[in-house]
Peer 1: 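My questions will all concern the structure given below.
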There are 2 protein chains.
Amino acid sequence: MSQTVDRALSILPLLAQGPADLGQVADRLGVHKSTALRLLRTLHEHGLVYRQQDQRYRLGARLFALAQEAVENLDIREIAHPHLAALNERIGHTIHLAVYEEGEVLYIDKVESRYPVRMYSRIGKPVAITVAAVAKLLLADLPEPERRALAGKLDYPPYTPRSTPNATAFLKELATVREQGWATDLGGHEESINCVGAPIRGADGRVVAAMSVSAPNVVVTAEELLSLLPQVRRTADAISREYSGTSPSKDSA
Amino acid sequence: MSQTVDRALSILPLLAQGPADLGQVADRLGVHKSTALRLLRTLHEHGLVYRQQDQRYRLGARLFALAQEAVENLDIREIAHPHLAALNERIGHTIHLAVYEEGEVLYIDKVESRYPVRMYSRIGKPVAITVAAVAKLLLADLPEPERRALAGKLDYPPYTPRSTPNATAFLKELATVREQGWATDLGGHEESINCVGAPIRGADGRVVAAMSVSAPNVVVTAEELLSLLPQVRRTADAISREYSGTSPSKDSA
DNA sequence: TCGATGCGTTGCGAAGGATGCAACAGTCAT
DNA sequence: ATGACTGTTGCATCCTTCGCAACGCATCGA
């Protein structure tokens, strides 16, 4: 809607592919060099773009700062984390927390068996949206038309023989997930990794996030992992209650 | 330099503090609601901003994607990682890799003892720039005026009794670090944590990155940690050589 | 040593786009 | 039902951005 801003923001994904010099940026944008220069300068002032010694531009540090702050301020994450940590304390496996946003699923928290570490390493990468347990949970709750549209647009990479093959199978799986209120990924992404997940719901019953427990099948069999389902669901429900209960009145300032 | 873009980008740090509605954004920017709306729409189209169900805006997922891609494309990181992993294999402690950028020091890689994990959790947060070994290494190599200016601007939080107290002490410490070619942080940030670090240099001899090994003093004493210094330096030098050697000719496309 | 080519940078007039206003629509609370 | 609030739209005005051309500067080759 705003041409100037639109152009400026188009520079970011362009630089995400790698550093580029002024001419390259101008060409890719289809604008004059001087225009590109002014846009880059503005981005630079805000720290979103950095100029390395060879004068080429690349993405800047402020970007990380923003992403960091953003994820820290997600109240679901804040509420969920203690619950995830407690569950992890008991069962010891890796636990993920994920949300859905505009056609993408992204992890916003993770608890590792050894120590609690917030690892955002998978953030931004195309999450295995067609197979991940958390993705199924989140997509299963989308309004019918949006769900159909999204399922049609997706790619269905055959990570393993057990991966979801196509939109039809995926929609069917989502229906199952919606019915039963939990989801699995049994070797659909990596042959040896199994997951079980449960949805976290807001006050209106809509799924606002999803959590899952993952473990390699050399450690626990799929059946053993499934036996943890009640605990996973209890945790998810506890988070749902707390999230629904406490009104989000942030009386700051 | 570009007013429109400047205003639009100013929205991002504002939203980083927490979700805000249209009116709040407009107020903080000092512009009319309709103007703020158009800017937010543009940000939204690029995925940098997300509109939650209560219509308030917050930072969007694309931001994570960009930050992720950006850090993945840092060639220093790519080159260094195998070396860091190898060193970690031998000595088992936590290893950090950091770079300097426009007054900030940020971690771009980390290897944990258990398994290699890229953890960007500290990115964006104010790194303990006045005490961290990697920070000293990076700042010690700055041009004199820039170093002085920066040292003057910094805060010197007394994390522990051993933290760097002020600019004078810091500049002196940096001089020492520059002389000896390595740095330590002995309980300057957290009482029980010690670090030793070494610089990674480009072809022109300038410090382009810094690495460090950290360990709690309940596991290894400061002396024991210091005895690892030769290995750390060898690793850093190996990275320097590889980084300088291979010309960065990315013959893509 | 000198000219040539390529890059980033600056100042300028023109015009295109962004701005703020005012009016509208929807929602919630009273 | 009525009021207040928030988000939204269309529009005329003016500011801001745009592309041009010329410049400074470095690198390269003769």
Peer 1: Is any side-chain N or O of A:R51 closer than 4.0 Å to OP1 or OP2 of C:dT9?
Peer 2: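 Checking C:dT9 against A:R51, a side-chain N or O does come within under 4.0 Å of OP1 or OP2.
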Peer 1: Decide if atom CD of A:E179 counts as having more than 12 heavy atoms of other residues, nucleotides or ligands within a radius under 6.0 Å.
Peer 2: no
Peer 1: Going 5' to 3' on DNA chain D, which nucleotide is the first and which the last to come under 4.0 Å of a heavy atom in chain B?
Peer 2: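 Reading along DNA chain D, I get D:dG7 to D:dT17.
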Peer 1: Please determine, by modelled atom types, if B:Y50 and B:R58 share a side-chain donor-acceptor pair under 3.5 angstrom.
Peer 2: no
Peer 1: Does a side-chain N-to-carboxylate-O contact under 4.0 Å join A:R148 and A:E144?
Peer 2: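 Yes, A:R148 and A:E144 are salt-bridged.
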Peer 1: Without hydrogens or angle criteria, can the side chains of A:D109 and A:H81 be said to hold a donor-acceptor pair below 3.5 Å?
Peer 2: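 The criterion, which ignores hydrogens and geometry beyond distance, is satisfied for A:H81 and A:D109.
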Peer 1: Looking at A:D155, I'd like to know if its CG atom is crowded, meaning that more than 12 non-hydrogen atoms belonging to other residues, nucleotides or ligands lie closer than 6.0 Å.
Peer 2: no
Peer 1: Can you tell me the distance, in whole Å, between the CZ atom of B:R7 and the C1' atom of C:dG17?
Peer 2: 13 Å
Peer 1: Does A:Y57 or A:M1 map to a spot on DNA chain C nearer the 5' end, using the closest nucleotide for each?
Peer 2: A:Y57
Peer 1: Specify the residue among B:G30 and A:D21 whose closest nucleotide of DNA chain C lies further upstream toward the 5′ end.
Peer 2: A:D21
Peer 1: Using the six-membered ring wherever Trp is involved, compare the ring planes of B:Y156 and B:F170 and label them parallel, tilted or perpendicular (cut-offs 30° and 60°).
Peer 2: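 Rings of B:Y156 and B:F170: perpendicular, over 60°.
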Peer 1: Provide, to the nearest angstrom, the distance between the CG atom belonging to A:L22 and the C1' atom belonging to C:dT9.
Peer 2: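 Interatomic distance, CG of A:L22 to C1' of C:dT9: 9 Å.
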Peer 1: What is the distance, rounded to the nearest whole Å, between atom CD of A:Q24 and atom C1' of C:dG8?
Peer 2: 14 Å
Peer 1: Using the salt bridge (Lys or Arg N to Asp or Glu O under 4.0 Å) rule, pick out the option among B:K136, B:R206, B:R178 that qualifies with B:D141.
Peer 2: B:R206
Peer 1: Counting only non-hydrogen atoms, which of residues 32-43 of chain B are less than 4.0 Å from DNA chain C?
Peer 2: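 Nucleic-acid contacts, sorted: B:H32, B:S34, B:T35, B:R38.
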Peer 1: Check whether any side-chain N or O of A:Q52 sits under 3.5 Å from a backbone N or O of A:D54 as a donor-acceptor pair, and report yes or no.
Peer 2: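 Flag not set: sc A:Q52 to bb A:D54 has no pair under 3.5 Å.
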